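Encoded as structure tokens, the structure appears first; notes follow it.
Note that the structure is a prediction, hence the values are computed from the model and not measured. Convention: sequence-line order gives letters A, B, ...; per-chain numbering from 1.
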Protein chains: 2
Amino acid sequence: MSDSPPSLNPVQLGAYFDLIEVTSLLRHAVEQQLRETGDLSYVQFQLLARLGDSPTGSHRMTDLADGVVYSRSGLTYQVSLLEKEGLVVRAPSPDDERGVTVTLTGAGRALLAKVLPGHVEVVRSLLFAPLASEDVETLAGLLAPVRDHMRSAPPRSAAPRRRKGGA
Amino acid sequence: MSDSPPSLNPVQLGAYFDLIEVTSLLRHAVEQQLRETGDLSYVQFQLLARLGDSPTGSHRMTDLADGVVYSRSGLTYQVSLLEKEGLVVRAPSPDDERGVTVTLTGAGRALLAKVLPGHVEVVRSLLFAPLASEDVETLAGLLAPVRDHMRSAPPRSAAPRRRKGGA
DNA sequence: TATTGTTATACTCTATAACTATA
DNA sequence: TATAGTTATAGAGTATAACAATA
């Protein structure tokens with residue numbers, strides 16, 4: 001009962017709220033830009049961007065699912081949409097017949113290129129504008145360990161069951 | 001098209017990606033906890049929490065809409081759900097007959113109390129665990145100006161200098 | 001038997017537009 | 001006319017579970 005403090009301290013609370021609000025607003029703005037410029041949802045953009053980052057322009061479904069956080073069926077749905085638009089192609093993986101390799105098409109790459117500058121501009125003007133470059137470094141330095149920590153403690157086990165003393 | 005640099009610098013890019021990933025994972029974990037513990041969506045929790053913060057336990061619809069980013073109809077929808085569950089009550093605002101005042105019920109307050117410790121625990125274990133307390137202060141200090149900046153530059157005008165004829 | 005991916009389905013959420021009523 | 005809120009509706013997105021094919 002008393003092993004779980006009822007609240008975060010004020011600084012933590014502020015940081016948490018601001019984090020939520022900042023990313024919520026940023027996300028909103030970015031989604032609007034992506035929708036207007038390329039008729040893409042954020043998830044779709046993330047998928048294209050991830051493929052674009054790859055030297056081969058392709059990834060297996062599983063890899064994509066790992067990167068973007070949701071279910072396999074959701075991924076299939078989104079990739080189907082992208083394929084319908086001609087932005088990606090699906091083909092059986094050469095090494096593993098069960099697998100499916102998704103590859104960015106020329107059109108996909110073009111759309112990515114079309115959308116990217118505006119995307120960057122939104123992020124810069126909203127997120128980075130009020131920060132000095134050393135602030136950005138500091139921020140990056142703070143977020144990296146958090147990200148690593150979260151990755152190693154996956155959301156599946158979301159609510160650590162009162163790990164003290166055990167219930 | 002040449003006035004907009006094609007990319008952010010690597011540090012900015014890292015900070016941006018980590019920010020997105022961190023909040024995405026955090027959100028996921030928190031939503032799961034809220035769903036399991038109180039059958040609440042994150043938005044619903046935010047609404048209850050906002051009401052709980054108020055000394056009177058109530059807010060006008062407009063105030064709630066300002067805090068949570070959605071459309072008015074979306075807010076009406078969510079508040080209707082909460083009312084159906086007996087967590088809030090709606091009544092005409094005393095001062096302005098057009099307005100509606102939403103008030104937290106005892107059940108709403110109880111649910112909030114039931115859900116809060118686990119919520120806090122998730123945030124602490126996922127977000128704050130890897131950070132020293134001075135790191136948290138630094139983080140808060142960085143996010144506050146960004147939040148202020150974003151608030152003053154609302155998402156409606158998301159993409160600065162955007163073309164006409166979109167949408 | 002475990003893994004990869006798809007399908008079918010059901011449900012939640014969100015936005016737009018039309019509408020009512022008060023200011 | 002402008003503002004506060006609701007309703008109707010329509011569409012997108014997501015998760016779950018059952019399924020087929022390969023390892």
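Contact annotation: A:Arg90 side-chain N/O to C:dT6 OP1/OP2 distance is under 4.0 Å. Between A:Ser41 and D:dG13 there is a side-chain N or O to OP1 or OP2 distance below 4.0 Å. Within the 4.0 Å cut-off from OP1 or OP2 of D:dT6, not a single side-chain nitrogen or oxygen of B:Arg72 is found.
Taking atom CG on A:Leu81 and atom C1' on D:dG11, their separation rounds to 12 Å, with Å as the unit. Rounded to whole Å, atom P of C:dC11 lies 14 Å from atom CG of B:Asp39. As rounded to whole Å, 22 Å separates atom P of C:dA2 from atom CD of A:Glu97. Between A:Leu82 atom CG and C:dT6 atom P the separation is 12 Å, expressed in whole Å. Atom CG of B:Leu40 and atom P of C:dC13 are 10 Å apart (whole Å). Distance A:Tyr42 OH to D:dA12 P: 21 Å, rounded to the nearest Å. Across the protein-nucleic acid pair, B:Leu75 atom CG and C:dT16 atom P stand 15 Å apart, rounded to whole Å. The nearest whole Å value for the distance from the NE2 atom in A:His59 to the P atom in C:dT4 is 16 Å.
Comparing C:dT6, D:dT6, D:dG13 by their nearest atom to the side chain of B:Val100 picks out D:dT6. For A:Thr76, taking side-chain heavy atoms from C-beta onward, the closest of the listed nucleotides D:dG5, C:dT6, D:dA12 is C:dT6. Here the side chain of B:Ser73 is nearest to one of C:dA15, D:dT14, D:dA23, namely C:dA15. Taking the side chain of A:Met61 as heavy atoms from C-beta on, and the options D:dT6, C:dC13, C:dT6, the nearest nucleotide is C:dT6. Comparing atom distances between the A:Gln44 side chain and each of D:dG13, C:dT14, C:dT6 picks out D:dG13 as nearest. Checking C:dT4, C:dC13, C:dA15 against every side-chain atom of A:Arg60, the shortest atom distance belongs to C:dT4. Minimum atom distance to the side chain of A:Arg35 is reached by D:dA12, of the listed C:dT14, D:dA12, D:dG5.
Between A:Arg90 and A:Glu83, at least one side-chain nitrogen of the basic residue sits less than 4.0 Å from a carboxylate oxygen of the acidic one, meeting the salt-bridge criterion.
A residue-by-residue look at B:Arg98 and A:Asp96 shows that B:Arg98 has its nearest nucleotide of DNA chain D further toward the 5' end. For the pair A:Asp95 and A:Gln78, nearest-nucleotide mapping onto DNA chain D gives the more 5' position to A:Gln78.
Residue B:Lys114 comes nearest to B:Pro117 through the heavy atom pair O-CD, 3.7 Å, listed as atom of the first residue, atom of the second, then distance. Listed here is the closest heavy atom pair of A:Val123 and A:Leu26: CA-CD1, 4.3 Å.
Side chain B:Ser71 to base C:dT16: no donor-acceptor pair is found below 3.5 Å. Within 3.5 Å, no donor on the side chain of B:Thr62 pairs with an acceptor on the base of D:dA4, nor the reverse.
The structure places CZ of A:Phe17 at 13.5 Å from CG of B:Leu143, a figure rounded to the nearest 0.5 Å.
Residues A:His119 and B:Tyr16 place their aromatic rings such that the two centres sit under 6.0 Å apart.
When atom types are taken as modelled, the side chain of A:Thr101 and the backbone of A:Pro92 share no donor-acceptor pair closer than 3.5 angstrom.
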